[in-house]
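Each remark here refers to the structure printed beneath this line.
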Amino acid sequence: MLGGVTRRPQTGQLPGVQSDGSVQPSVVPLAGDLPTERHRLPTRVTRYWRWRMFYASLPPLVLLVSGAIVLPWEPWWIRWSVVGVFVAVIAACMIILPPIRYRVFWYAISSTEIDIQSGIIFIKRSLVPMHRVQTLRSERGPMADHYRMTTLKIRTAAGSVSLNGLDRAEADELCERIGRMTNLADDV
Amino acid sequence: MSEPPLGVAIPDTRLHPIYLILGTAKTLRQAIPLLVVTIFGGAPWWVSVALFALAMAIAIAQWYVKKYSVVGGVLLLRTGLLDQSVRVVPITRITALAAFQSLAQRLIGVWELNVQSPGDRNGSALTFPCLSGRRLDELRSALESGGRTTVLSNPASGSDSSTVQRYLAWRRTSVASAPTHGLQVIAVLTTAEMLIAAATNSSISLILLAVLAIWFRFSEYVPIHASEFMKEIVEPQGVVVVLLTLVAVAIVAGLVLGALRLNRFTLIRDGDVLRTSRGLLGKHAATISVRRVQAVRIVEGFWRMLLGYCSVQVEVAGVGRMNANQRMIFPLVRTDRAESLIRRALPEVSWPSQPLQVLPARLHRRYLTLPLEYAVGSTLLMLLLPGWWQLLAILPLPLGYVLGVARAREAGWRIDDQSIVLRWRRLLDRNTVIVRRGGSQLTELSSSPSKAKAGVAGFKMRFSSGRGAGIRYMVDSDALLLLHAAVALHPVRPQRIKS
C-alpha cells in the first residue's frame, strides 16, 4: 500500500483505464502489487535504527552542550532550553519513527523488476527494471555487524536505490539472485 | 552477407605532434608553484630554463607513450610514463562522440575528440586532444562502424602530390562539411534564428549580473576607454541610463557569444546516427547513436515561449546536466514545427497521437503550495532591505501565485504503446519529454499521508543521462498507471492481458 492508496487493480482488472476513460495498453502487475510477494525487513531493524539515530545525534548534542557551557549569552535557561528541546526531539524521533519506517518499507523482486517502497512520512515507491541494474554494493559498519544487518545499494545509470537494514544472509542471497537475473544485454 | 570480423581497425597511433606544445603547457601549469618560487625567489635564470626543458622532456615522453587503437571491438588508450595505464571502452558502450576545434586548433588543423559512455555524465570516458582531420575521420569511422576492420588510406601514397597537397590532405576532415551521399540534412539554423536563439538564451541574464557586479564593485579594473565613456558620457544622464547601457552591453555580449556558439547549426540524420555541427571560430561536431536516445526533450524557455519557439534536446547515457550543448540536437525551432523536426530526425520516437491529458481542477491548488512558501520567505527577506528597496517585497507573492497557476495548468501526460509523454513547468521554462519504449532507468512514485487522503501522488522517471522527468502532483490512480506503463514498455517485459 502506498501511503494509504487502496485503488489496487484486481486480477483481470489491470490499471488500464485512465481517469478520462480512455483505454491504455495492457500492463502486467508489478512485483510489489501482490502483498504476498512483498518482503519486509527483520523486526530487529527498529532497534538498529534507534541506536544509529542515537549515535548520530551525539556529535550535535556535544556541540550544543559545549555551546551552552561556553557561550556567554544570557539568560542561561535559553541556552539549556535549546539543549533540552534537541534531546526531546531526538528522543521522540527514536521512539516514533523507526516503527513507522519499518511498516512502510517493503521490497519485491521478479524476473523483470525490483520494486521497493520506503520512507517515513514522504513515501517513495521505486521501480528498477532488472536489466538496468549496473552494480550491487553491500555495506555494513560495526553496529550493523552487531545486529547482523547489511545495506544493499542497487545502482543504475540514473542513480541508486537502497535496501537499508537487510538481514545479512538475506542480502547475500538477494545479491546472488539479482546478479543472476541481470545477466541480460543492456542497451544503455 | 556476413559482416567483416572484428580485427585491427586502427593500429597503435600517436596523437598529432602539436600535442607536445599542449603537453608542455599542461606540465608547466602543474609546476606553477615551483616556477613562482624560482622566478620570484631569486633563483638563477638557468634554473627556470632547466624547469622548462624538463617540462618539455616530460611532454615528449608522454606524447611518445600515449597511443590509441581500435582492436577487436574496443577502443584502447595507453598512457602513463611510470604508472602505465590502459583505458578500454567497448565500442558498444560508446553513446556519443563530440569533436571540437578551437580557433587556435583550426589554424593548426587539429581536433579534440571526446568519447562519451554511460556513467560519464559530466565528463567523457576518453579525450583525444590533438587529432588531425584525417585521423579524426579514421577514428570516427572505426567507432561508428563498430570496430570492423577498415582499410586505412595513406595520404602519402600519392608520391606525385605536392607537399602542400599532402598537408591539406592531413588537415581535411568531413566533420564540418555535410557529405551528400545517403545523408539527410534535417535542419540548418538561419542567421535570424541564430540571433533569436542568442538573444533569448538565459546566458544574457548571467552576463548582465556579471556586468553589473563589475561596474558597481570592480570598476577600477574596467578598461580605461570604457571607464571614461561611462563616467563622462553615460553617468551624467542618470542611473536609469547607466542601467540601460549595461543591459545593452550584456545583450551585445550575449549575441556575440551565441553567434560564436551556434553559427550554422546543422542537424543531419546519417543512417543510425544523428550528427550536429556548429560554431563560428571554434567548430563543434557531435555524433549521437539513435539507438542510445532514450527520450526527446522539448524546452520552451520564458522568452522563446512568448515568441513561439523551443529547443530540442535528447537524453543519452553519458551526456548529463553539464553537457547542455552536446545533448541539444537543435537550438531553436518554431514550436508548431517541432513535431515535424522530431519526426524527421528521430522517426523511432513515437509522437503522441492524442493531446496530453491535463490535471483535474481539484489538484491545481496543490501547485500553489511550494511557490507561495518560497514567495513568503522572499517577502520576509525583502522587508529587511533598506529604504525604497523594501517595495520589492510586493512582488514575490503575486509572482508565486502566477507560477503555481501556470504549473498546474501546463502539467500534462499521455501514454500509448510506444511512449510516455510528460509535460511540466519548472521555473521559467516548460519541458515536454517523450520517453521511448524502455527509455527510463528508474521510475518513482511519491506520496504522503495528506496526499493519499486527497488521492494525489507524484511520478518521476530518471534517465541514464542523470536527468529526470516528472509531474509533482497528479491523480494517484494515473500515477500508478504510469508506473506500470513505464515498466511495461521495457522491451524485455512480456505484454499480455491477465484474465
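Numbers restart at 1 for each chain; the letters A, B, ... are given by sequence-line order, proteins then strands. Worth knowing before you read on, the calculation uses all heavy atoms, side chains too, and leaves out hydrogens, waters and symmetry mates. It should be emphasised that the depicted structure is a prediction, and the values quoted were computed from it without experimental measurement.
Across all non-hydrogen atoms, the minimal contact from B:E444 to A:S126 is CG-OG, 3.8 Å. Taking every heavy atom of both residues into account, B:H484 and A:L30 meet most closely at CD2-CG, 3.6 Å. Residues B:R462 and A:A158 share a closest heavy-atom pair of CB-CB, 3.7 Å.
Here B:L445 contributes atom CG and A:D115 contributes atom CG; the two are 10.0 Å apart, rounded to the nearest 0.5 Å. Within the model, atoms CZ of A:R132 and OG of B:S464 stand 6.5 Å from one another, a figure rounded to the nearest 0.5 Å. Remark: B:L480 CG to A:R125 CZ distance equals 6.0 Å, nearest 0.5 Å. The distance from atom CD1 of A:I123 to atom OG of B:S448, rounded to the nearest 0.5 Å, is 7.5 Å.
Within a 6.0 Å sphere centred on CH2 of B:W351, heavy atoms belonging to other residues, nucleotides or ligands number more than 12. In B:R365, the CZ atom is not crowded: 12 or fewer heavy atoms of neighbouring residues, nucleotides or ligands sit closer than 6.0 Å. Summarising the local packing, CD1 of A:I121 is surrounded by 12 or fewer heavy atoms from other residues, nucleotides or ligands at distances under 6.0 Å. Remark: B:R409 CZ is loosely packed, at most 12 non-hydrogen atoms of other residues, nucleotides or ligands lying under 6.0 Å away.
Partners of B:F459 under the ring-ring contact (aromatic ring centres under 6.0 Å, His included) rule, at least two apart in sequence or in another chain, do not exist in this structure.
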Below 3.5 Å, can you tabulate the donor-acceptor pairs from side chains in residues 77-84 of chain A to any protein atom, sequence neighbours excluded?
{"residue": "A:R79", "atom": "NE", "partner": "A:A68", "partner atom": "O", "Å": "2.8"}
{"residue": "A:R79", "atom": "NH1", "partner": "A:W73", "partner atom": "O", "Å": "2.1"}
{"residue": "A:R79", "atom": "NH2", "partner": "A:A68", "partner atom": "O", "Å": "3.2"}
{"residue": "A:S81", "atom": "OG", "partner": "A:W77", "partner atom": "O", "Å": "2.4"}

